[in-house]
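Numbers restart at 1 for each chain; the letters A, B, ... are given by sequence-line order, proteins then strands. Because the structure is a prediction, the values reported are computed rather than measured.
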Amino acid sequence: MPSTIYDVTTWTIPGSPSVTAFTDIGAIVNSIIADIKANQPSQASKPGAVIYVPPGDYSLKTRIVIDISYLQIKGSGHGFTSSSIRYNAGSTAGWWEIWPGGSRIKVENTDGNAEAILINRGGSPRLSSIELVDFCLDGLSFTPNQNSYLNGKIGIRSTSDTDSLRIVGMGLVYLERGVVITGADALQLNGNFIAECGNCIELVSSGQASMVNDNLVGAGPAGFSIFAEGHFGLIVSGNNVFPRGKSSVHLKNCTNNTVSANRFHAFSSGMVTLEGACHNNLIGTNHFLRNKETFGPFVSVPLTTDDLFGLVHLNGSGNTVVGNHFSYDVPSGDIKPAGATPTLVLVKSGGNNYVATNHHAANVAVRAAVLDGSTTDTKVLDCGTAAEFQALGSATYGFRATP
Amino acid sequence: MPSTIYDVTTWTIPGSPSVTAFTDIGAIVNSIIADIKANQPSQASKPGAVIYVPPGDYSLKTRIVIDISYLQIKGSGHGFTSSSIRYNAGSTAGWWEIWPGGSRIKVENTDGNAEAILINRGGSPRLSSIELVDFCLDGLSFTPNQNSYLNGKIGIRSTSDTDSLRIVGMGLVYLERGVVITGADALQLNGNFIAECGNCIELVSSGQASMVNDNLVGAGPAGFSIFAEGHFGLIVSGNNVFPRGKSSVHLKNCTNNTVSANRFHAFSSGMVTLEGACHNNLIGTNHFLRNKETFGPFVSVPLTTDDLFGLVHLNGSGNTVVGNHFSYDVPSGDIKPAGATPTLVLVKSGGNNYVATNHHAANVAVRAAVLDGSTTDTKVLDCGTAAEFQALGSATYGFRATP
Amino acid sequence: MPSTIYDVTTWTIPGSPSVTAFTDIGAIVNSIIADIKANQPSQASKPGAVIYVPPGDYSLKTRIVIDISYLQIKGSGHGFTSSSIRYNAGSTAGWWEIWPGGSRIKVENTDGNAEAILINRGGSPRLSSIELVDFCLDGLSFTPNQNSYLNGKIGIRSTSDTDSLRIVGMGLVYLERGVVITGADALQLNGNFIAECGNCIELVSSGQASMVNDNLVGAGPAGFSIFAEGHFGLIVSGNNVFPRGKSSVHLKNCTNNTVSANRFHAFSSGMVTLEGACHNNLIGTNHFLRNKETFGPFVSVPLTTDDLFGLVHLNGSGNTVVGNHFSYDVPSGDIKPAGATPTLVLVKSGGNNYVATNHHAANVAVRAAVLDGSTTDTKVLDCGTAAEFQALGSATYGFRATP
């Protein structure tokens, strides 16, 4: 039986001996995938293969297209380093090194495509058990300037349904969009370092029974760190999320998901945002810190939500926000609108939402919970004093102040 | 010094050159283990070895018996795909592939044994630091029909005490029993995909200080997803558990364990069951969803517990159920007994149990907590209205309704 | 391009052909690092390399010094076994094996240094993305006796700032200090087994946005299991921590960190200690068990804190202790001071601390919370009866007994 073990540095494309992994790792990987297919023609036995990417700097000129199940691409180093610090550091002539490293794929598409890696296949079944492990996708630079978080590049994108996709131990940096997955079922996205990307993790369209655990994540000032749309049964747990702005976790039209035991740090309200029809989600035992951006390049980036938006912003019904800690530390002069009392949890719509035993430590007076006038039957228990609670208009609720 | 690195595809059994990993990976691995032992005769230096399983389809005819410490068996792909969907899909003639893959061991024992992998050794010390990593154990089919979850096959079984056993990144599918471990100490069972098995994870007899984190797990309609017996100090955290029926986590005679920050989805009551003498366990910050089975083959499977059994069913004393979310969405006509008010948390026995700040969203009236008449000194706080609470017989308790 | 893949068993030090990985793996690794540097002279391309350590017993006589980014050292087995049990077992003549194993580095420095692995580099940038994966650091023995937890040996020490350091799947045993990291940023220390060390994990001086998840950890009777100093944004989640004594998690001058969804078991008070200026930390949904040491060698080790110290000992303001379970099971005759009522949560200083919905199960009368006379505005809610609460001196507080 032909080998199922490939090394990008030793593969030669039939008919194109001059292309190497160093000149175009995308073309190399696509050629390997073609070889895997040729060697596994029988429907009854298609176990896939592993493609190894040793530590090195590899240019990707051609998008990798994964259209087979059970392919593992594995490196020996996630290679993250902060490019943001470097680009803002002034002269780096004396630096030991200036780029990310490890098994590092430089995303330099010249093929007109945005993605470094595209996962897509029509027909049945869904692609299963593709694994991307312990390598680096480096978008290299942003345009027009290094703090724009814009370059049109996408690290990993899946545009057809997948089962049991696994993305673990990866490093993604300086991509406009890090990971964009459509129709995930039982995705496992664990233990990655995805930061300094416009958006980091986007689970779009729909998905179910997936897992985003134990990652280090931090998007740019305008993007999403962890975004999920139309998801059901997603667990987001054990992550350390530190965006330059906007949300840490943003759920859109998502029911029955859980966001627990995470650490969130942001420079904006909307740290956990539930947009649209978001029902029956749990936000429990998370640590929230909202303070002020102090990193020069981003200090003057305008925030897109004000301090009345809520660190947690809830739309929908039946959600549970319990056992969280909120730290709020923003100079009073920076609060927007000026003179406003910042909101920690805003229940913007819906009924039967439950907000209990969340504690806060703040440098200014805050509202622990604010209920929109449209909301019904919210419970706010033991989250602060009566003065720290506000029910607008005709909101109905049960409230108990901390004694 | 002889190599400690083995590859199943290149090993030849002395005297049996015709056997290959493709014809019987069990015989190959056992022969390798014999070689490891022969090469490490000194009590003072037995570091074990690594056996690599490249991606491929390997028949296992002979049970693997691991009786040495520090053996790592490692593949390059957990290879999970849903066999349940495939077997119920009608014609799959047009499918790209039909089987699981990756580093896939087809469990086809012809040796009269049930197990693909047996871990066992007498004497001292306990087997230590065996690692099973990133390969697939595929039970292939169930009998008499593909939805029976019965075939007598066991993926991984340990029948003697172990220390620091590690099972990570594995894929197990279509086995009657996935993982069955006796006497685990400091087991680490993390990041696996164990589903479509009769039972998925069974920690039997006794054990301590173990960890079951970050797994995707879903047993068949009659089985256990995560079961532990006589355990002490077990942590079950960050898992996404989606059985076809029965319990997500079942503890039997277990004291001082913790089940936290998980996502549970089931089609039956008893999602977390504490059976027998279960004391001082924590069930905190978990998301529970109970709804109705809609997958055709299992719609008519009768449930073994009714809706009065509780989504959480507690026996024993001193347990803590706090900060959980319960979603209950079952058509009223399907509730058993007919006309009953479903129970979310049933305190069936014991004293000093604590049920607080759990919230629910339900499509019918439910009881947030029900206390058996035998129970004493239960606390039920902020879990619902007075009408949603029921204390039977001579139960003693402290209750506080949500305001 | 030269290979970036090294194997310690095949490397020869130029000019020193007699040194092997078995005689001094430290010298071998340092020689490999020198080779990596020689092969990557260009500032613009320093992706580092991977050094593979196959299973085996390797003596380390010379300290490894890592001063390049993107170096991965990877084994095939964390190799933990209990040396403590073995050293206290009497005759082990009949044992199958007596030492740890896997990819095992025997820490036997003859170079005058304490560390097996030192990470250090001056200048810019910080060292990034060094990865230590799946091997064993074995300190071999303690002196003057095997239960002293003293031998002056350190497993992994970083003395300069690092970015995205990753320590995963390691086994550390019988070291006086396991891991000692200065100035960590986005450290990921996940899935390790670090036990039977004097101290296990020490994050000293300062650090931010780091992660200690899913580890099995247990220090000796006098040491720290997980210690952090001057840290900000640390998440400690999903761990199973079982020291012989002292603290499970000790934070010193740490603000805005989170300790959630862990399991802690100790034989002493101070299981989670917040020392000094510790503000705005979350301690949520953890399971605490405090009972009495029963392992012969440590039964008579005197405890350094008494039962009034608190299982959770808080200094600082704005901390949140919510949704935890406390089991306390110490014979009344062993409680210190004699006749004292043990304290579960001691708020020793500060204001605006919040202690809510923690439940306990105890074999003796306990105080669920005690407030030092200096403390202000503490909230203690639903943690026990009025008799189980004590506010000393002029403490100000809000208290609500469980009904």
Would you check, one step at a time, whether the test side-chain contact (heavy atoms from CB on, under 4.5 Å) holds for Val241(B) with Asn262(B)? CA-CA 8 Å; Val241(B) 189; Asn262(B) 298 286; 5.5 Å; no
How far apart are the C-alpha atoms of Lys74(B) and Glu131(B), what are their side-chain angles, what is the distance that settles it, and do they pass the salt bridge (Lys or Arg N to Asp or Glu O under 4.0 Å) test? CA-CA 8 Å; Lys74(B) 185 177 188 336; Glu131(B) 302 190 9; over 6 Å; no
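Between chain C and the options Ile68(B), Ile5(B), Leu71(B), the largest number of non-hydrogen pairs under 4.5 Å is found for Ile5(B). Between chain C and the residues Gly123(B), Ser42(B), Ser237(B), Ser45(B), the largest count of heavy-atom pairs under 4.5 Å involves Ser45(B). Interface remark: of the candidates Gly94(C), Gly56(C), Gly79(C), Gly79(C) forms the most heavy-atom pairs closer than 4.5 Å to chain B. Taking chain B as the reference chain and counting heavy-atom pairs below 4.5 Å, the highest number among Gly323(C), Ala195(C), Pro403(C), Ala361(C) is found for Pro403(C). Among the candidates Trp99(C), Phe264(C), Trp96(C), the residue making the largest number of heavy-atom pairs closer than 4.5 Å to chain B is Trp96(C). Put simply, of Asn256(B), Thr320(B), Asn319(B), the one with the most heavy-atom pairs under 4.5 Å next to chain C is Asn256(B). The residue among Asn358(C), Asn239(C), Thr81(C), Asp57(C) with the most heavy atom pairs within less than 4.5 Å of chain B is Asp57(C). No other option in Pro54(C), Gly284(C), Gly191(C) has as many heavy-atom pairs under 4.5 Å with chain B as Gly191(C). Of the listed residues Ala261(B), Ser317(B), Pro125(B), the one with more heavy-atom pairs under 4.5 angstrom with chain C than any other is Pro125(B). Heavy-atom pairs under 4.5 Å with chain C peak, among Asp163(B), Asn352(B), Asn257(B), Val236(B), at Asn352(B). Most heavy-atom pairs under 4.5 Å with chain C: of the set Ala356(B), Ser124(B), Ser69(B), Ser164(B), this distinction falls to Ser124(B). Note on Thr20(C), Asp214(C), Leu216(C), Val322(C): by heavy-atom pairs under 4.5 Å with chain B, the leading option is Asp214(C).
Between Arg121(B) and Glu97(C), at least one side-chain nitrogen of the basic residue sits less than 4.0 Å from a carboxylate oxygen of the acidic one, meeting the salt-bridge criterion.
At a 4.5 Å heavy-atom cutoff, the contact between Tyr52(C) and chain B is made by side-chain atoms alone. At a 4.5 Å heavy-atom cutoff, the contact between Lys46(B) and chain C is made by backbone and side-chain atoms alike. For a residue to count as touching a neighbouring chain, one of its non-hydrogen atoms must lie under 4.5 Å from one of that chain's; by this rule Ser82(C) touches chain B with backbone and side chain alike. Looking at Asn280(B), both its backbone and its side chain come within 4.5 Å of chain C, counting heavy atoms on both sides. At a 4.5 Å heavy-atom cutoff, Asp185(B) makes no contact with chain C through either its backbone or its side chain. With a 4.5 Å cut-off on non-hydrogen atoms, Asp67(B) does not touch chain C at all. Only the side chain of Asn213(B) comes within contact range of chain C, judged by heavy atoms closer than 4.5 Å. At a 4.5 Å heavy-atom cutoff, the contact between Leu381(B) and chain C is made by side-chain atoms alone. Proximity to chain C involves both the backbone and the side chain of Ile235(B), based on heavy atoms less than 4.5 angstrom apart. Heavy-atom distances place both the backbone and the side chain of Ser129(B) under 4.5 Å from chain C. Residue contact with chain B, scored on non-hydrogen atoms closer than 4.5 Å, involves the side chain of His265(C) exclusively. Residue Tyr397(B) does not touch chain C at all, counting heavy-atom pairs closer than 4.5 Å. Proximity to chain C is absent for every atom of Thr255(B), based on heavy atoms less than 4.5 angstrom apart. Proximity to chain B (any heavy atom under 4.5 Å) is restricted, for Leu289(C), to the side chain, taken from C-beta onward. There is no contact between Ala89(C) and chain B, counting heavy-atom distances below 4.5 Å. Proximity to chain B is absent for every atom of Asp329(C), based on heavy atoms less than 4.5 angstrom apart. Heavy atoms of Asn190(C) lying under 4.5 Å from chain B are absent altogether. Residue contact with chain B, scored on non-hydrogen atoms closer than 4.5 Å, is absent for Phe326(C). Contact annotation for Asp138(C): neither backbone nor side-chain heavy atoms come within less than 4.5 Å of a heavy atom of chain B. Only the side chain of Arg166(B) has a heavy atom closer than 4.5 Å to any heavy atom of chain C. For Phe242(C), the part sitting under 4.5 Å from any heavy atom of chain B is the side chain, from C-beta outward, and nothing else.
Side-chain contact, Thr285(C) with Thr285(B): a donor N or O sits under 3.5 Å from an acceptor N or O. Side-chain contact check for Thr357(B) and Asp382(B): no donor-acceptor pair (N or O, by modelled atom type) lies under 3.5 Å. A donor-acceptor contact closer than 3.5 angstrom is absent between the side chains of Thr258(B) and His287(C).
With rounding to the nearest 0.5 Å, the separation of CD1 in Ile226(B) from CG in Leu203(B) is 8.5 Å. One distance of note links OG of Ser210(B) with CG of Leu187(B); it measures 4.5 Å at 0.5 Å rounding.
Between Phe267(C) and Phe295(C), the distance separating the two ring centers is not shorter than 6.0 angstrom.
A cation-pi arrangement, defined by a distance under 6.0 Å to the six-membered ring centre and an angle within 45 degrees of its axis, is absent between Arg126(B) and Phe80(C).
Shown are Asn215(C), Asp134(C), Val133(C); of these, the side-chain contact (heavy atoms from CB on, under 4.5 Å) with Val168(C) is made only by Val133(C). Checking Ile36(B), Val53(B), Val29(B) one by one against Tyr6(B), the side-chain contact (heavy atoms from CB on, under 4.5 Å) holds for a single residue, Ile36(B). The residue from Asn192(C), Ile167(C), Leu137(C), Val107(C) that alone fulfils the side-chain contact (heavy atoms from CB on, under 4.5 Å) condition with Leu172(C) is Leu137(C).
Taking every heavy atom of both residues into account, Ala401(C) and Ala386(C) meet most closely at CB-N, 3.8 Å. Among all heavy-atom pairs drawn from Phe389(C) and Val380(C), the shortest one is CE1-CG2, 3.6 Å.
Side chain of Glu108(C) to main chain of Leu140(C): no donor-acceptor pair is present (N/O by atom type, distance under 3.5 Å, no hydrogens or angles). Asn353(B) contributes no side-chain N or O that, together with a main-chain N or O of Thr378(B), makes up a donor-acceptor pair within less than 3.5 Å.
His359(C) and His325(C) have perpendicular rings, their planes meeting at more than 60° on a 0 to 90° scale where under 30° would count as parallel.
Contact check for Asn324(C) versus Ile283(C): side-chain heavy atoms found under the 4.5 Å cut-off.
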